[in-house]
Amino acid sequence: MKTLQKKLLRDVQGLKSLVMTLAILVICGVSVLVSSWSAYESLEKARREYYEQYNFADVFVDFERAPSEVLDRLKKIPGIERIEGRIVEDVLLDLKNQMEPAVGRFISWRPEGELNKIYLRKGRWPEKGMVPQVIVHESFAKAHGLNVGSRVVGFFKGEKTVFEISGVGISPEYVYALNPASMLPDDLHFGVFWMRHEVLEQLAQKQGAFNNIIAQLGVGASLDLIKLEIDQVMSSFGSLGSYDRKKQISNMFVQDEIRQQKSMAAIIPSIFVAVGAFILNVVVSRLVTLHRGQISILKALGYTSFQLAFYYWKLITLILIFGILPSFIFAEGIGRWYATLYERYFRFPKIDFSITSEAVLLGVVIGLLPGWISSMRSLARVFSLSPSEGMRPPSPPYFHKTLLEKFGFFRQRAVTERMVLRDLFFHPIRTLAAIMGIAAATAIMVNGTFWMDIVSFMIQRQFQEMSREDLEVRLVYARKMDALNELLRIPGVLFVEGVRTVPVRMKMKNLVKETALIALEDDSSLRRILNREGKVLRPPQQGVLLSSYFQKKYKIQVGEVLDFQVMQGQQNRIRLPVMGFVDDVVGSSVYIDKSELHRWLQEEPVIDAIYLKIDPAYREQIYVNLKEHPLVAAVTVKKLLLQSFRKTTAEMILVFTMILVAFAIAISGAVLFNVSRISLSEKSWELASLRIIGFQISPVFQILFLQIGVQVLIALIPGLFLGYGLSFLSTYWIHSETFIFPLVVEAQTYALATFITLMVYLVSGSFLFRQIELLNLTEALKSRE
Amino acid sequence: MNIKTSVKILPKLVYGGIGVAIVFSLWFIFRTKPVHIEEGFVTRGDFEERFLIDGKIRSKNKTTLVAYASGDMDEIELKAGDRVHKGTYITTLRWDYDKKILSPLEGVVVKVYRQSGGPINRGEPLIDIVDPNDIEIVAEPLTSDAIRIKVGAMVEVSGVGEAPFYLAQVQEVSRAGFVKISALGVEEERTEVRMAFKNAPVELLQRVGDNYHVELSIRISEEKDVLKIPLGALFKIQDRWAAYTLKNKRAHLQEIQIGKKNNREVVLISGLKEGDPVILFPGDEIFEGVRVEK
């Protein structure tokens, strides 16, 4: 046995470069797998613990206003363990370091409150005093550099109020502090504040009343039943219906991220592992062929076939372990990066990123198993070699005319061309493996860069073609059309358009979905409704247009009739057919004709949000003007929203892209390197002969380089198609509750993938050239047997 | 052997293919994509400056019947909305005499101050009657807007009846302003503008009534046969107006002089010609010389 161990070490040393390339593939695959799986588990654990320890509520209800006594009625519902009434008030903020207003969400806080408890990062709890004290959410505090003792100005019902920050905190309710109006992360313009209940009561003019309820259920309580009972009580107070954690915005995003990490752990590693297995298959099969003499001799010396097969199995395992072990170090690195990303977007008291034992186990199994399976065929060959085989020179491979030759294609061809084509056709599995490997690499490159295409498509659609306003002003209540004139009179306002949005519950068969009806003005030009082709649509008189989200996610068809119930005021109902789909990228809305909506709601023409186009020179005065309007609820500056969207997503996508492209280069490099190495070793005899009969290095090199070139060129076609397919899978798997990504892959992305693949090919050519130069002619010509 | 003389097709094919692929991909990577735009045009035609405001229909002739002596009143059985003719019985007032109170005009009861019978004082109002056929339209614009409205200006009245709009004419702009809280909650000075329907069909006039809501578009000024440019194409460079026009499928910045504006278009004084294309709502990706597509 000792002899075999020595041989093992020597063989591994001899196969250095092959071991290296395989290790790179295994490292790429396993490290992504281990880090993503660990991130998934760490995040899930952080979420679970945070929710448990800080009593994250199970049910939430928002409504206009209800007296405190209602709470007593709700407390009697069996199954509710804890229930708390709160005041949640969105107000405009005036910040020293920022011209445009921000929206502050003020939430009432009681020292004895037990649900959605605040984790205090620093400072202390708000105390009673002359200046109202607040706890500010960490995201907003970081974005604006606010600290304990800083002061902030807010406008409650148009009245200027100064607050003092007593502490900085986070809450399980706002792990991801998202502006509900824009659904995009925007820490500069949306912040959460907690204020003593009795103070907020005064400021919001809701003495003895509240407008938000959170409840925690007992073990085994039926969520749906309790929601129904709550709704029965609350419907008369202008409630939009109770919702559970699944619809809670922050939780939705956290859960999406956790799910995405899980699918991430599946998609990318599987490609690497598959390519790695292919290469291993080729390498081991070549190895067994090269070693046939040794195997026979060892057999003749008395080693059993089983011992020898076990020896090769050990060799394979060793090679794989060379890849798996460093993977854990890389996984730790990638995981750290995830952790810093999470710290930036998700506010947990602490995320302990650690490589979990489950992830390690998974990594080892996924790292080894495909390699073992793929090399099985070669191991079987060890059994069939007889001891006497070593005495004979290897029988030359069976020669037959390939299909092309039969058709006379070769008659005119030069020797070099014949060599190339014959070699490709004589080893169909290897050729296929190489083509598949390069195709996979190209596909990963497409997959890595196509996110940029999606983001720019979304920006183009959402921010430039569909909405062309500079500002969006939300009103506290729906107003008559006069409000438009009022804003138009502000100096510097060039263009105004109104919109009416109404929250509705949409029903179709068993689908129930809370969404909003959007009614734009008839000749609306700041906001446009577009279909996929970019054509402007107008909501028809007797029907509605839906966001394509519904078509993709719920397979709703044109012509199907939907049931709408308004979640405001009279709670009117209406049935309308779907007349078409709108290609708004992030929306899940319903578009309706404005006069139709007014008729149905039995109201005069009113609007509750206004879009403005302004002269940038007057920006500051306009902001000041809007901040002081008592009925302006929120102001969104499109440009700034776009900026923060670009910043957050582009940053993340860029790193992601770079990692994937680096991986893809590793794959294609590994594949090309291996293919050329094996061809060279197989052909060393012929190539050396060619040189001896007068060929220079370059034509010898050309034969091999050409042979690889054929495979690369062929691989590009399935590679680009595969890239599209992989991108489709990615968008399909990484879709979230809130929206479905459109699948957009620009020509540029394909071009980049093609270019990089070809560059890798050219660079690998230079390595090949060096190898041929080093080819030892006499050694190569010696028949080893 | 004809190793060197034979024509080699495969290398040409492969290297040619790779070369072409590299060139193509480089071209795709480095080409600048034309920016997608919406196009509008400079047109010639009549320009109207209009002022949009909500208004209501009001009866010009409102009569309040009062108790003309202290005494006992019988119950009033009429309700708001009931039609009355001249001489319709309303109630009876009893003091030294029993005196029937009859409607002095034909019209509609809009308000009953007190329904139940019983003692009543002299001068207390009993009932309001309006003549729904004698109506006017009233709006309450800001005084700063009202000053631009001329008596005799044509008004398009919509939100009532079948036709897209009906015509009316400004009769009077009140010079007695008042203070009112605005739609957005700000104190504002407003005044009353009264208008009358012009050539409105009889069946419309017979159906509308007191306090009916209407949407008004009052013509402030009109210019015949002028150049106009869509408002969405305009933006400012410091204090001068400009627009992007198209030249050889590229954006070209053009300073312009403009006249009056309404909510959709602007009178163009100079800078562009009739039929010139302009880019609507140019975003920050549009600049001088950038390639665009429709």
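First the proteins, then the strands, lettered A, B, ... as listed; each starts at 1. None of these values were measured; they are calculated from a predicted model. Quick note: numbers below take in every heavy atom, side chains included, and nothing from hydrogens, waters or symmetry partners.
- Of the listed residues (A/Pro605, A/Ser595, A/Pro616), the greatest number of heavy-atom pairs within a distance under 4.5 Å of chain B belongs to A/Pro605.
- Proximity to chain B is limited to the side chain of A/Leu762, based on heavy atoms less than 4.5 angstrom apart.
- Taking CD of A/Gln460 as the reference point, atom CD of B/Glu285 lies at 6.5 Å (rounded to 0.5 Å).
- Looking at A/Glu469, neither its backbone nor its side chain comes within 4.5 Å of chain B, counting heavy atoms on both sides.
- If you tally non-hydrogen atom pairs under 4.5 Å between each of A/Glu465, A/Gln702, A/Met759 and chain B, the highest count goes to A/Glu465.
- The closest side-chain heavy-atom distance from A/Phe705 to B/Tyr15 is below 4.5 Å.
- B/Ser25 and A/Ala751 get closest at one heavy-atom pair: CB-O, 3.1 Å.
- Heavy-atom distances place no part of B/Asp239 under 4.5 Å from chain A, backbone and side chain included.
- Counting heavy atoms from C-beta outward, B/Leu231 and A/Lys613 have side chains that stay 4.5 Å or more apart.
- Nearest approach of B/Leu13 to A/Leu713, heavy atoms of both residues: O-CD2, 4.4 Å.
- Looking at A/Met481 and B/Leu52, their side chains never come closer than 4.5 Å, going by heavy atoms from C-beta outward.
- Nearest heavy atom pair, residue B/Ile18 against residue A/Leu758, reads O-CD1, 3.8 Å.
- The environment of A/Tyr618 atom OH is sparse: at most 12 non-hydrogen atoms of other residues, nucleotides or ligands sit within 6.0 angstrom.
- If you measure heavy-atom distances from B/Phe30 to chain A, you find no contacts under 4.5 Å at all.
- The NZ atom of B/Lys33 sits 3.5 Å away from the CD atom of A/Glu746 when rounded to the nearest 0.5 Å.
- For the set A/Val536, A/Asp523, A/Val710, the count of heavy-atom pairs under 4.5 angstrom toward chain B peaks at A/Asp523.
- Between chain A and the options B/Glu215, B/Gln238, B/Lys261, B/His213, the largest number of non-hydrogen pairs under 4.5 Å is found for B/His213.
- Atom NZ of B/Lys56 sits in a sparse spot, with 12 or fewer heavy atoms from other residues, nucleotides or ligands closer than 6.0 Å.
- Residue B/Leu167 qualifies as enclosed at atom CG: its count of foreign heavy atoms under 6.0 Å is above 12.
- Interface residue B/Leu142: only side-chain heavy atoms are found under 4.5 Å from chain A.
- Closest of all the heavy-atom pairs between A/Arg468 and B/Leu280 is NH1-O, 4.3 Å.
- Taking the side chain as every heavy atom from C-beta outward, A/Ser525 and B/Phe281 approach each other to under 4.5 Å.
- Here CH2 of B/Trp241 is found 4.5 Å from CG of A/Leu494. Values are rounded to the nearest 0.5 Å.
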Inset, instruction - For the pair B/Asp54 and A/Lys480, evaluate salt bridge (charged side-chain N to carboxylate O under 4.0 Å, His left out) and give the outcome as yes or no after the intermediate values. - result: CA-CA 8 Å; B/Asp54 287 339; A/Lys480 283 199 202 168; 5.1 Å; no
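- Of all the listed residues (A/Leu716, A/Thr754, A/Asp615), the one sharing the greatest number of non-hydrogen pairs under 4.5 Å with chain B is A/Asp615.
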